[in-house]
Amino acid sequence: MSFPLLTATAALPAIGAIATAAVPAARRTAAKWLALLFSLATLVLAGVALARFEPGGARYQLTESHAWIKDFGVRYELGVDGIGVALMALTALLIPFVILAGWHDADPLETKSSRWRPTQGFFALILMVEAMVILSFEATDVFLFYILFEAMLIPMYFLIGGFGDRAHAGSDENAAAQRSYAAVKFLLYNLVGGLIMLAAVIGLYVVAGTFSLSEIAEARANGSLSMATSTERWLFLGFFFAFAVKAPLWPLHTWLPNAMGEATSPVAVLITAVVDKVGTFAMLRFCLQLFPEASKWATPVILVLALISIVYGALLAVGQRDIKRLIAYASISHFGFIILGIFAMTSQGQSGATLYMVNHGISTAALMLVAGFLITRRGSRLIADYGGVQKVAPVLAGTFLIGGLATLSLPGLSPFVSEFLVLVGTFSAYPAAGIVATSGIVLAALYVLVLYQRTMTGPVKAGVQGMADLRARELVVVLPLIALLIFLGVYPKPLTEIVNPAVQHTMSDVQKKDPQPEVEAAK
């Protein structure tokens, strides 16, 4: 039997989580280095999987299949297509930067409400989230995916509620209450979505007699699986609701600003750049593949919700006074673009949506981590407390600007390619939706440039004087992300070659073809 590469890629961070948690309490630095080494080893394995993946080969590659719960037809079944392997690589890439950026975020505190912070637990939870997210991108058994979809909520709950932002305004007791509220809201929203999905998963098994994606696809192809239209639509709604909460899509988005605002900046990156991608990925893998007719039936409503997310998220970002909440609302707008690209059901739109998932992960990580370094220095998340940072910390201000320009999809940076493809794909099928979505670009320029102007330019405020510039560890975190933003912005071909064949398979699932341009005959 060949080496189980996909299992090893997910198992390594899980083993690392256990090993890190087992480090004695006094050896905090050793625990940090151990977590970092396991994350780097996972990145190497993910790189091997990416290198072994053949874009022109079978739809699912590096497959593994073993019996798990025989009585219910549940299998431990893994495989990656171009979309899954790209997001798996993104996850493995970001976690080392998350760990480095959060190097001191769980160090002991000497306050009335908290005299210690379990450093080992913080890094162990990050690695456990990584393991579950990677395995969810690999799972081709619906029940296995559901277990992972729900299980990742547990470590995220403790990361949000137990390790909050130290720049919280107010007393320690108030900060703890806000963290607890954000963590519980995150958990309840996602649990409700997961419970509705569980009912749909059971319904799918009743109809199909299996949880295996490959078996369901084969049954559809040979005509042995027929699903009533009403049944398919109800099952689709059960799956889509859970994924829309995770994504998040308006009006199911309200947990995200609270969670990102109260979490540490590295954990905020984990939420929006890693965990939330599971929702949009699952729309492509499960909603469109399992329920093609229902996906087309629901498209008009979903496109409207996506457009509302784009405009609403951007408008609220413009009005924010809190740096982290601004980035959170910007992410809601960006997820609207991703979902718009998916359900435009054109090859350009879906390719753009997949690229958007990857590029949004990199750009949001760059912006949020630099914002975290800024907030740690000043001790405040409020925009009004900043001014003139570029005069005292020019490197910090410069990297913050590049992260912001990537967020507004400036040409030459990787998110531009994604947003352009989404808009092209949307315009070709739904011109009116494309016009509305374009307003999100204008609003993005507004909230990013106003944020930079208020924090980085102008007179140096009293609390900013003497602010240190980025240190070596922080540069190691930020510079590779910026390099990737520039490289993929100038040369996106390596990524598009991987995802485009998977997009064509998805287009075939829903039996959609790209609209043909109307060209008048030459006179």
Side-chain angles (χ1 to χ4, degrees), residues 13-14 16-32 34-36 38-39 94-95 97-133 150-191 194 246 255-276 322 324-325 328 368-369 372 375-376 379 381:
I18 297 170
T20 302
V23 174
R27 304 289 301 277
R28 291 191 301 273
T29 302
K32 296 174 184 179
L34 186 63
L36 180 60
F38 269 98
S39 69
L94 292 180
I95 296 301
F97 298 123
V98 167
I99 290 173
L100 276 173
W103 201 251
H104 298 298
D105 285 357
D107 286 349
L109 290 175
E110 294 295 336
T111 66
K112 293 181 180 179
S113 64
S114 176
R115 296 189 179 277
W116 63 280
R117 289 164 73 89
T119 303
Q120 287 84 337
F122 179 74
F123 293 102
L125 289 169
I126 290 174
L127 289 175
M128 189 56 68
V129 171
E130 178 183 22
M132 293 179 181
V133 170
E150 291 288 82
M152 69 180 68
L153 301 179
I154 299 171
M156 286 305 308
Y157 169 80
F158 288 109
L159 283 169
I160 297 168
F163 302 90
D165 190 351
R166 294 179 177 181
H168 193 289
S171 65
D172 292 334
E173 290 78 10
N174 182 54
Q178 292 294 328
R179 288 198 303 272
S180 177
Y181 171 79
V184 170
K185 189 173 184 179
F186 161 82
L187 187 64
L188 289 179
Y189 268 66
N190 284 276
L191 277 179
K246 183 85 80 179
W255 62 268
L256 183 66
N258 296 103
M260 289 183 66
E262 299 305 322
T264 65
S265 293
V267 172
V269 170
L270 199 63
I271 295 169
T272 191
V274 176
V275 172
D276 287 357
D322 183 308
K324 292 172 70 176
R325 289 178 70 90
M368 179 60 84
L369 293 178
I375 291 167
T376 300
R381 304 193 320 237

Ile99 and its side chain to side chain contact (heavy atoms under 4.5 Å, CB included) partner, picked from Leu36, Asp105, Leu94: Leu36
In terms of heavy-atom contacts, Ala21 and Gln120 come closest through CA-CB, 4.3 Å
If only atom types and distance count, is the side chain of Lys324 paired as donor or acceptor with the main-chain N or O of Ala263 below 3.5 Å? yes
Measure the CE-CG distance between Met156 and Leu270 for me, rounded to the nearest 0.5 Å. 4.5 Å
Any chance you could measure Ile154, atom CD1, to Met132, atom CE, to the nearest 0.5 Å? 6.5 Å
Closest heavy-atom pair and its distance - Ala101, Leu369: CB-CD2, 3.6 Å
Can you tell me how far the CZ atom of Arg381 sits from the CD1 atom of Ile375, to the nearest 0.5 Å? 7.0 Å
Side chains of Leu153 and Lys246: closer than 4.5 Å at any heavy-atom pair? yes
Taking the side chain as every heavy atom from C-beta outward, state whether Asp276 and Ile271 have any pair of such atoms under 4.5 Å apart. yes
Rounded to the nearest 0.5 Å, how far does CZ of Phe123 lie from CD1 of Ile95? 12.0 Å
As a test of understanding, state which of Ile160, Ile126, Leu125 forms a side chain to side chain contact (heavy atoms under 4.5 Å, CB included) with Pro155. Leu125
Going by the rule side chain to side chain contact (heavy atoms under 4.5 Å, CB included), which residues pair with Asn258 if we only count those two or more places apart in sequence or in a different chain? Tyr181, Ala182, Lys185, Arg325
Thr272 side, atom OG1; Met260 side, atom CE - distance, nearest 0.5 Å: 5.0 Å
First locate atom CZ of Arg179, then atom CG of Leu159, and finally report the distance between them rounded to the nearest 0.5 Å. 12.5 Å
Nearest heavy-atom pair of Pro257 and Ala328: which atoms, and what distance? CA-CB, 3.8 Å
Mind checking whether Val267 and Phe122 have side chains closer than 4.5 Å, heavy atoms only? yes
Quick one: closest heavy-atom pair of Gly194 and Glu150, and the distance? CA-OE1, 3.4 Å
Report yes if some heavy atom in the side chain of Arg28 is under 4.5 Å from a heavy atom in the side chain of His104; otherwise report no. no
Tell me the closest heavy-atom pair linking Met128 and Ala14, and the distance in Å. CE-O, 4.2 Å
Would you say Phe38 and Leu34 make side-chain contact, with heavy atoms under 4.5 Å? yes
